[in-house]
Every structure is written in C-alpha cells, then in structure tokens.
Amino acid sequence: MRFGLTEDQGLFGRSLRGFLADRLPLDALRRLAEPGTGFDAELWRGLGELGLHGLLVPEEHGGAGLGMLDAALAAEALGYHAAPAPFAAALVMAVQAFRSAGDAEQQRQWLPRIAAGQARIGLGFAGLAGQTGRAALRLEGGRLSGALDGLMDGGDATHFLAYLPDGRAALIEAGAPGVTATLRRSVDRTRALVDLDLAGAAPVALLQSSNDPLAAARRVRDAGRVVLAADTLGAAQNMLDRAVAYANERVQFGRVIGSFQGVKYMCADMATMLEPCRAMVWYAAYAQDAVPEEAAMAASHAKAHLAEVGREVARLATEVHGGMGFTDLLGLHYQFKRITFDRQALGGPERCRHDAAVAQGWIAA
Amino acid sequence: MDLTLTPKHRALRDEVDAFIAAHRDAAPRPGGGRKRPDRKALDWQALLLEHGYFARTIPREYGGFGAPHDVIELAIIADAFSRAGISPGIHNQGISMLVPTLLEVGTEEQKRRWIGPTIRGEVIWCQGYSEPGSGSDLAAAQTRAAVEDGHFVINGQKIWTSSAHFADMMFLLCRTEPDKSKHAGLSYLLLPMNTPGIEVRPLRTMTGRAEFNETFFTDVRVPVDQIVMGRGDGWHVANVTLKYERMLLGDPNKLQQRLEAIRRMMEQPGADGARLLDRAEWRDRLLRLQGEVIAARNHNMRLLTETAEGVDSGLGRFIVKYHGTMLGHRLASLALDVMGSTGLLYEPQGEVAEDDPATTWQIDYMYDIGLIIGGGSSNIQKNIIGERGLGLPREPKAAVPAGRN
C-alpha cells in the first residue's frame with residue numbers, strides 16, 4: 001500500500017532522462033527541431049533500444065507490458081528534454097486503441113509492429129476530444145472520405161488512425177490511394193500536426209470490437225490526456241530547474257539575483273504550483289489501469305490543471321531569465337512551446353473540465 | 001504505486017460508511033475549532049476514538065487506537081467523512097500540533113500524561129509563540145523565564161494566542177538562556193493557563209469576534225520539569241510544532257470538505273429554479289478549484305507515504321501551508337459568490353454563529369487571511385521554499401537603523 005514510484009520506476013525515469021540529456025544538448029535539439037516534423041530516425045531508434053516503443057504493448061505481443069504510470073514517467077522525461085519523438089499518439093493512444101477496440105487478430109497483427117518501432121501511427125481524435133479544426137469523416141461501403149485536422153505524431157508516420165464520430169477508428173496507410181496528409185509545422189517545432197484529406201481511402205483495419213465504441217474512444221482520449229499532462233509536468237519542471245539555476249548564478253547589483261525576494265518568490269510560486277502536480281499525474285496515470293471509476297475524471301482534471309500551471313510556470317521561468325529568457329539563444333522556448341502545444345492538443349482546459357464534470361455525473365454529456 | 005483496496009480496506013470503507021449512516025445525527029457541524037468542544041462534540045470524539053476513526057495510529061498506551069500506519073486506511077476514513085460532509089473529529093492546536101510534537105520529541109511521561117486527554121478534546125491547548133516584537137522573526141522572542149528554586153519564573157507578553165480564553169494549557173516558547181545566541185537561548189515549556197500571573201486579554205479581529213488574545217505573564221511560576229526536551233532546545237521543538245502546524249493549515253481534507261459543501265450549494269435550485277451547477281461559468285469555477293484540491297489531496301497521499309517510509313519530503317512539505325491556505329481562501333471566495341447577497345447576512349456573535357452558513361463562510365473568508373499570515377506568513381513560507389526547498393541564497397542582512405533593534 002503506497003502512493004509513490006517503485007524503485008524500478010525511479011530507475012527507468014532517471015535512465016531515460018540521462019539518455020535524453022546525452023542525446024539532446026541544445027545544439028542537437030536545435031538541429032532536430034529545425035524541420036518541425038517531430039521525428040528523427042536516430043533518436044527514434046535509440047528510444048526503441050530503451051524499450052519505449054513497446055512500453056505498453058503486452059508481453060505476448062512483444063512489448064514490455066508496462067502500465068500508464070510508466071508511460072507517464074516516459075512522457076515526463078520526453079517533455080523535460082523537449083524530445084522530438086512520437087509518443088503520446090504513436091506509442092500510448094494507438095496501443096490503447098488496439099487494446100480497447102481491436103479484435104484478437106488485429107492486436108496480433110499490429111501490436112508487435114508498434115513494439116518493433118515499424119508501425120508509427122499518427123492519430124486523429126479531433127471532435128471527440130474537443131480539438132478545433134475539421135472533423136468530418138464518413139465511412140461508406142468500407143471507404144473513408146472527408147477531412148480530419150490536427151493528427152498528433154503524424155510527421156513521418158507510417159499509418160494514421162482516424163477516429164470516426166461514432167467512436168470507431170480506421171487505420172489507414174500513409175501514402176495509400178485517396179490519402180492526402182499535409183504536414184503542418186506547429187509553434188512547437190518538436191511536434192507537428194497533420195491534416196488529413198481522404199477521398200475513398202481503404203482502411204487496413206477498422207477497430208470496432210468494443211461493444212461501446214464511444215466509451216472505448218474516451219479511454220484512448222484519457223490515456224492521451226494523461227501523457228500530455230505528464231509531458232507538461234516535465235517541460236515545466238525543466239523550466240523551473242533552469243530558472244533556479246540561473247537565479248543562483250546571475251549577478252546584478254552585486255548580488256546573485258536569487259537572493260532578491262522578488263526573484264526568489266517567483267521561483268517559490270512555481271515550485272508551489274508544480275510540486276503537487278507530480279502526485280496528480282501519478283494518480284491520474286495509475287487510475288487508468290487500476291481505478292476505472294475515477295480514470296476519466298482524473299485524466300481530464302490532470303490535463304486541465306497541468307495546462308493552467310504549465311502556462312504560469314512557462315511565463316514565470318522565462319521572466320526569471322530576464323531578457324535572455326526571451327532570446328532564442330538559451331533554448332528555453334522549446335519547453336515553453338511544448339507546454340503551449342500540450343494545452344490545446346486533445347482539448348483545452350475548459351473542455352477537459354467539462355469532461356470531468358460529465359465523468360462525475362454533475363451534468364449530462 | 002499500489003492503492004489497491006484489499007478486502008480489508010473494502011471492509012473498512014463499508015464499515016465507515018455504515019458508521020456514518022448510523023450515527024450521522026450524533027455528529028456536530030464540521031469545523032468548530034474556534035470554540036471549546038461542547039458535549040456533542042466530545043461524545044462524537046469519543047465515538048470516533050472508540051472506532052479508530054480518529055488518532056488511529058497513536059499507540060493505545062497514549063489513548064489512541066494503536067493501528068499500524070496505513071496510508072490507504074487513513075485516506076479511506078478521511079474520504080468517507082469528506083464525502084458525507086460529516087465532522088471528522090476535533091482539530092485544534094493541541095491535537096494537530098502538540099500531540100505529534102510530543103510523539104516525536106516528548107518524554108514517555110509527557111506522552112502518557114498529555115496525549116490521551118488532548119485527543120479526547122478534554123484538554124485544550126493554546127500556542128505561546130508570537131510576541132509584539134517577534135512575529136515572522138519568531139526566534140527573537142523576548143519573554144523571559146529565569147530559573148528560581150526549581151521553577152521557571154516567566155515574565156513577558158505573547159500575542160495571537162488563539163483559544164487562550166478557553167484553553168487549559170499552553171505550549172510556550174520563551175527565553176531561558178539570555179547569554180546564549182538568539183536561537184540557542186529558547187526553551188519550550190508546558191503550563192496550565194490557570195497559573196497565577198497569567199492575564200488573557202481578548203483581541204478582536206476583523207471578523208468582529210475575539211478569536212485571538214494577548215497573554216501577559218507576570219512572575220508566572222512553572223516547575224522546571226514542565227519542559228519539552230532540554231533548556232536551549234526550544235527552537236528545535238518549536239520547529240517540530242511548526243512543521244505540524246503548517247501541515248494542519250494546509251490540510252487537504254478540509255479543502256475537500258469545503259469543495260463538497262460548495263458543490264452541494266450549487267446543486268440547490270435558486271430562486272429562479274435553476275441550479276448554478278448547470279451554468280457553465282459557475283461550474284468551471286468550481287471545477288478549476290476541484291482540480292487544485294485533487295492535486296493537493298494526491299500530494300498529501302505522497303507525503304503520507306514518504307513519512308511512513310522515513311523519507312524527508314523537503315520541498316514537497318515546505319509548500320503545503322502556502323498552497324493550502326491560499327486554496328482555502330479561494331474556496332471561501334467562491335462560496336461567498338455562490339451565496340450572493342443572501343451570503344451577506346452576518347451575525348458573528350453567540351452560539352448560533354457557527355451554525356449559520358452565511359456567517360460561517362464570511363468568517364472563513366476573513367479568518368483565512370489570518371491563516372495565510374499566521375503560522376509563518378506566505379512570504380516566510382516562500383523564503384523557506386526558495387531557500388531550503390530550492391537552494392536559493394538568503395537575503396543579505398541590511399543594517400538596522402541606529403536606535404532600532
């Protein structure tokens with residue numbers, strides 16, 4: 001009975017952070033972020049060697065069979081280092097989609113490919129999560145047509161998983177006839193969005209085995225929200241750590257600026273907001289696997305709360321750095337923009353709180 | 001992370017729910033820490049102690065229930081009382097601050113003598129810390145206690161002594177070693193409030209009530225063995241107490257109780273028949289605060305686990321008071337807005353004051369500012385968070401103008 005990480009989880013988080021710190025010094029991050037696709041083959045391979053691709057894939061399908069808390073720790077590390085690597089959609093939501101609505105054959109066919117890093121799936125959830133943009137897909141005679149905007153992890157994706165308004169999801173191959181995928185660079189150059197235009201595209205799989213497809217889709221959405229919250233936690237922690245380090249070395253008026261209460265209190269405020277978020281993210285992640293009755297509420301609340309705290313920390317940490325924080329030179333803006341992205345993806349905080357109210361039965365959906 | 005409810009935990013949850021259902025009429029209103037517990041509150045306390053829903057992990061020889069430390073059990077109990085909006089028992093300075101202090105640094109004799117009657121609500125304590133000249137700078141306390149024929153003889157003045165007008169006992173921080181340095185010259189004494197030479201004068205606050213007092217000491221004699229730890233250890237003991245005071249002031253279960261109370265108000269149809277909970281702008285305000293309360297509660301679970309495992313939470317603990325008191329005030333603020341103009345009715349005097357929702361919320365809304373200031377003000381907390389939690393340097397000392405000290 002404990003509320004905390006296991007020794008293995010602590011070790012996993014540290015080793016992943018160590019790997020990313022080694023691979024992503026600022027000049028490397030700058031280079032990888034330049035194209036804005038959110039993907040780099042070498043980094044992707046390295047993450048695969050650490051077991052990230054199959055993190056959530058059951059062992060019988062070639063994965064590590066770990067849980068959402070482990071995924072949240074990975075997301076936190078990726079956010080901390082603003083890693084341009086598909087994760088939330090490609091390695092968490094896609095896996096949960098197959099597990100919650102794929103039939104046995106579909107799971108047997110696709111989960112091992114995800115775990116091997118061969119299938120990189122961009123995922124579009126637009127309408128069901130409250131993302132803005134076009135969300136008008138229809139399935140007629142086994143063919144998919146219409147438009148879906150804002151797919152996550154879509155840069156260099158091998159496949160796209162497009163959710164239909166009824167909660168079913170269609171897997172389509174990138175580059176298949178009738179599939180036009182337009183890469184849109186986002187303000188966060190470590191992650192792109194893809195807009196899909198489909199004209200009679202033939203899905204390679206239709207995930208429809210759940211007897212309540214909308215509920216299954218919401219579970220996928222919630223898994224995504226948890227990892228985006230964790231990503232913000234990591235990015236905000238990075239900004240706080242750097243603000244504290246800067247406040248400890250920058251000298252003005254003959255004093256280290258961290259000794260001024262004005263600066264110290266900005267740091268204290270950031271820590272006060274951010275520290276409880278850690279346990280909140282842990283719980284929300286854990287609840288996805290272990291507390292089904294609270295899973296939806298915890299995920300949406302964590303996403304919304306981290307969005308609010310993240311925005312404050314992003315501003316305050318930049319301010320602590322003074323004019324330098326505003327420059328491109330320090331690279332602090334990579335985490336700033338990461339937080340900006342996480343806030344809107346899969347629904348902004350107002351929408352997430354609305355979903356939390358529905359999940360508690362305060363109001364009808 | 002393992003919060004799985006074992007069959008034992010599920011049984012406990014059912015047991016607590018059944019207990020509340022069976023006994024809810026016997027419960028006093030939640031809160032009530034600002035007055036001496038009445039018969040109803042004492043009986044309720046006895047019932048909770050008997051069932052192990054209060055002081056659950058305090059050893060039996062000191063009057064507790066003697067259960068092993070189990071974070072989940074404590075959470076199940078707190079959650080059940082929160083959900084039901086039922087008083088989880090008495091929370092005052094003796095119970096929440098002195099008792100854990102004695103458990104941590106008291107002698108066996110002190111534990112046996114004081115913990116039982118205190119947790120039963122029979123002995124009420126007040127805290128003699130702040131002085132007119134030492135508020136945030138607590139270690140500058142000047143109240144003297146000289147040793148004379150086996151007694152401390154105390155002279156000086158304390159301020160902000162909440163509950164002193166009805167307390168039986170005081171834990172007092174005073175200067176016993178005037179030759180030693182500021183922090184090393186203090187001791188932590190326990191004394192009855194009816195000792196000759198103590199005068200309590202009420203201090204009326206912005207609430208219109210005298211929740212605080214000034215306490216004057218003139219040759220007050222206390223036997224030298226009424227001390228916690230040794231002479232000169234007062235600063236250490238005072239900080240142990242402050243640690244628990246700050247946890248008390250940031251208590252997330254209280255925040256949860258408030259949130260539930262506001263939600264219930266918002267579920268009631270108003271004069272126009274509509275519920276505020278159905279209106280997006282009101283619901284979003286409640287939801288924002290709910291998110292923060294959830295974070296505070298999860299954080300508290302983490303701290304409880306770390307405490308049980310002997311881990312020093314450091315930063316995680318330093319933020320609790322500042323975070324919790326600010327959030328508490330924002331909850332009270334929403335409650336006032338939800339009540340609107342009917343929440344303006346205010347009759348703070350007399351026994352009914354604590355039973356009238358409008359008056360109680362108005363008192364909370366104002367009293368919370370006192371809590372934000374007391375127990376180490378928010379700015380003091382931010383110094384602690386910045387310096388001890390984050391490792392930022394201390395403010396250089398500025399010279400004191402001539403003639404001031």
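Worth saying up front: this structure is predicted, and the values here are computed from it rather than measured. So that the names make sense, note that chain A is the first sequence line, chain B the second, and so on, each numbered from 1.
- In this model, a donor atom of one side chain and an acceptor atom of the other lie less than 3.5 Å apart for A:Gln237 and A:Arg278.
- Highest contact tally toward chain A, considering only B:Ile294, B:Leu287, B:Ile319, B:Ile385, is held by B:Leu287 [criterion: heavy-atom pairs under 4.5 Å].
- Heavy-atom distances place both the backbone and the side chain of B:Glu292 under 4.5 Å from chain A.
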Self-check item: Residue pair A:Gln261, B:Asn383: steps toward the side chain to side chain donor-acceptor pair (under 3.5 Å) verdict
Solution: CA-CA 8 Å; A:Gln261 287 186 325; B:Asn383 283 342; 3.2 Å; yes
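- Ranked by non-hydrogen atom pairs under 4.5 Å with chain A, the options B:Leu286, B:Leu3, B:Leu390 are led by B:Leu3.
- Between A:Asp231 and A:Tyr80, the side chains place no donor N or O within less than 3.5 Å of an acceptor N or O (distance only, hydrogens not considered).
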Exercise. Any chance you could lay out the salt bridge (Lys or Arg N to Asp or Glu O under 4.0 Å) test for A:Asp355 and A:Arg351, step after step, and finish with the verdict?
Key: CA-CA 6 Å; A:Asp355 290 337; A:Arg351 167 60 188 245; 3.1 Å; yes
Quiz item: Stepwise, does the salt bridge (Lys or Arg N to Asp or Glu O under 4.0 Å) test hold for A:Arg219 with A:Asp222?
Solution: CA-CA 5 Å; A:Arg219 283 197 297 279; A:Asp222 294 340; over 6 Å; no
Practice problem: Take B:Glu260 and B:Arg83, measure what salt bridge (Lys or Arg N to Asp or Glu O under 4.0 Å) needs, and give me the verdict at the end. | Solution: CA-CA 7 Å; B:Glu260 289 293 322; B:Arg83 271 188 286 114; over 6 Å; no
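- With respect to chain A, the highest number of heavy-atom pairs below 4.5 Å among B:Gly291, B:Ser378, B:Ala296, B:Gly386 belongs to B:Gly291.
- Contacts of A:Ala304 with chain B are absent, with no heavy-atom separation under 4.5 Å from either backbone or side chain.
- Heavy-atom pairs under 4.5 Å with chain A peak, among B:Asn300, B:Leu277, B:Leu303, at B:Leu277.
- Contacts of B:Arg302 with chain A are made by both backbone and side-chain atoms, with heavy-atom separations under 4.5 Å.
- Residues A:Lys264 and A:Asp269 are not paired through a salt bridge, judged by the lack of any N-O separation under 4.0 Å between the basic side chain and the carboxylate.
- Of all the listed residues (A:Tyr283, A:Phe260, A:Trp282, A:Trp362), the one sharing the greatest number of non-hydrogen pairs under 4.5 Å with chain B is A:Trp362.
- Using a 4.0 Å cut-off between charged nitrogen and carboxylate oxygen, A:Arg2 and B:Asp2 do not count as a salt-bridge pair.
- Per-residue heavy-atom pair counts under 4.5 Å with chain B were compared for A:Ala279, A:Gly258, A:Pro276, and the maximum is reached by A:Pro276.
- A:Met297 touches chain B through its side chain: at least one heavy atom from C-beta onward sits under 4.5 Å away, while N, CA, C and O do not.
- Heavy atoms closer than 4.5 Å to chain A are found in both the backbone and the side chain of B:Asp284.
- With a threshold of 4.5 angstrom between heavy atoms, A:Ala357 approaches chain B through its backbone and through its side chain.
- Residue A:Glu7 places its CD atom among 12 or fewer non-hydrogen atoms of other residues, nucleotides or ligands, all under 6.0 Å distant.
- Only the side chain of B:Arg275 comes within less than 4.5 Å of a heavy atom of chain A; its backbone N, CA, C and O stay farther away.
- Looking at A:Tyr286, the atoms closer than 4.5 Å to chain B (heavy atoms on both sides) all sit in the side chain, from C-beta outward.
- For chain A, the option among B:Glu73, B:Glu306, B:Glu309, B:Glu267 with the highest count of heavy-atom pairs below 4.5 Å is B:Glu309.
- The two residues B:Leu249 and B:Gly375 make their nearest non-hydrogen contact at CD1-CA, 4.1 Å.
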